[in-house]
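The block underneath contains the structure these notes are about, expressed in structure tokens.
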Amino acid sequence: MHSLAAKESTVNATSPSEWDAEILNLLGELSAVQNDLLALLVEKRTALAAGDRQQLAPIQVREQALIDRLTSCQQHRQCLLDRAAAEGLPSDSIQSLAQQVPSANARVLRQGVDDARRRARLLQHQSLTNWVLVQRTLLHLSHVVEIIATGGRMQPTYGKGGPASAGGTLVDQAV
């Protein structure tokens with residue numbers, strides 16, 4: 001009876017070549033999504049810098065599709081790691097799994113993981129750049145609104161100076 005359980009576990013175990021294929025498949029999916037996202041972030045930054053709202057609308061739709069693809073990659077990754085844990089293999093990351101699985105493609109797997117990490121870091125930088133651009137734009141617009149609202153005359157922070165004029169010289173040319 002004990003040998004039957006051992007036989008069942010070897011029948012259900014994934015072979016090294018199957019792990020290779022599955023990890024390479026995941027890395028291929030991830031690479032495609034990352035490359036598409038990098039291209040989209042560059043396009044988005046260009047539209048943001050140009051202030052082209054009409055170009056931003058379709059970008060949002062494409063972003064959502066890429067989010068869905070990334071979610072699918074995440075689910076695929078989690079399934080692989082869950083199966084690895086069930087088979088007693090490292091399940092904390094794809095990198096540790098790829099290093100542990102005996103493979104004829106070990107170098108290709110390591111390179112694929114390293115490339116995915118580099119692209120992920122680049123995506124972080126591109127996203128941060130776009131975020132900073134948006135924040136700077138919002139700050140600029142806030143300053144413009146403040147100038148319009150105060151007529152360009154700021155109330156002194158300290159002292160007994162009178163309030164800024166209530167009229168908006170940029171809007172109604174009141175003095």
Side-chain angles (χ1 to χ4, degrees), residues 19-85 89-101 103 105-157 164 168-172:
W19 280 115
D20 277 0
E22 294 217 27
I23 293 170
L24 286 171
N25 182 30
L26 172 64
L27 292 173
E29 289 175 41
L30 183 57
S31 175
V33 174
Q34 286 175 324
N35 288 333
D36 291 348
L37 188 52
L38 281 169
L40 185 72
L41 287 173
V42 169
E43 186 178 333
K44 183 176 184 178
R45 184 175 52 253
T46 303
L48 287 169
D52 189 350
R53 292 184 327 194
Q54 290 177 341
Q55 189 179 358
L56 287 172
I59 287 175
Q60 183 181 5
V61 173
R62 291 173 37 215
E63 274 180 322
Q64 186 58 52
L66 288 171
I67 288 170
D68 294 343
R69 288 174 57 196
L70 280 172
T71 301
S72 175
C73 286
Q74 173 65 24
Q75 291 168 346
H76 186 184
R77 173 191 174 272
Q78 193 58 51
C79 287
L80 285 178
L81 294 177
D82 290 346
R83 281 189 28 227
L89 294 168
S91 59
D92 60 322
S93 70
I94 293 296
Q95 180 180 17
S96 62
L97 177 60
Q99 289 173 344
Q100 186 66 32
V101 174
S103 169
N105 297 321
R107 188 179 64 76
V108 174
L109 287 175
R110 278 193 309 273
Q111 184 66 42
V113 170
D114 290 344
D115 289 346
R117 284 183 150 197
R118 276 191 290 276
R119 279 189 305 275
R121 190 71 178 147
L122 185 57
L123 282 166
Q124 288 174 336
H125 287 283
Q126 296 292 330
S127 295
L128 180 61
T129 300
N130 286 356
W131 182 83
V132 168
L133 180 61
V134 169
Q135 294 306 308
R136 301 283 296 191
T137 301
L138 289 174
L139 184 61
H140 173 73
L141 292 174
S142 172
H143 288 148
V144 168
V145 168
E146 185 175 352
I147 289 168
I148 292 169
T150 63
R153 294 184 201 110
M154 302 299 292
Q155 186 159 1
T157 304
T169 58
L170 291 177
V171 177
D172 60 11

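Start at 1 with the first residue, then count along the sequence.
Listed by first and then second residue, the side chain to side chain donor-acceptor pair (under 3.5 Å) pairs involving residues 111-121 are Ser31-Arg119, Gln34-Arg119, Gln95-Arg117, Gln111-Asp115, Asp115-Arg118, Arg121-Gln124 (not counting sequence neighbours).
Of all heavy-atom pairs between Leu30 and Ala116, the closest is CD2-CB, 3.9 Å. Across Leu81 and Ser91, no two heavy atoms sit closer than the pair O-CB, 3.2 Å. Shortest non-hydrogen contact noted between Leu27 and Leu109 is CD1-O, 3.9 Å. Heavy atoms only, all atoms of each residue included: Ser127 and Leu41 are closest at OG-CD1, 3.6 Å.
The distance from the CD1 atom of Ile148 to the CD atom of Glu146 is 11.0 Å, given to the nearest 0.5 Å. Considering CG of Asp20 and CG of Leu24, their distance stands at 6.0 Å, rounded to 0.5 Å. Atoms CD1 and CG, from Ile94 and Leu26 in turn, are 5.0 Å apart once rounded to the nearest 0.5 Å. Considering CG of Leu97 and CD1 of Ile23, their distance stands at 4.0 Å, rounded to 0.5 Å.
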Throw together a table of side-chain donor-acceptor distances under 3.5 angstrom for residues 70-79, partners on residues two or more places apart or in other chains.
unit_1	atom_1	unit_2	atom_2	d
Thr71	OG1	Ile67	O	2.8
His76	ND1	Glu29	OE2	3.1
Gln78	NE2	Asp82	OD1	2.9

Donor-acceptor pairs are to be reported for all side-chain atoms of residues 136-145 against protein atoms at under 3.5 Å, with residues two or more places apart or in another chain.
unit_1	atom_1	unit_2	atom_2	d
Thr137	OG1	Leu133	O	2.9
His143	ND1	Leu139	O	3.4

Table please: side-chain donor-acceptor pairs of residues 46-59 below 3.5 Å, with sequence neighbours left out.
unit_1	atom_1	unit_2	atom_2	d
Thr46	OG1	Val42	O	3.0
Asp52	OD1	Gln54	N	3.3
Asp52	OD1	Gln55	N	3.2

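Between Trp19 and Arg83 the shortest side-chain heavy-atom distance falls below 4.5 Å.
At most 12 heavy atoms of other shown residues, nucleotides or ligands fall within 6.0 angstrom of atom CD in Gln60.
For Thr129, the side chain to side chain contact (heavy atoms under 4.5 Å, CB included) partners are Arg45, not counting sequence neighbours. Residues passing the side chain to side chain contact (heavy atoms under 4.5 Å, CB included) test with Asp68, sequence neighbours excluded: Gln64.
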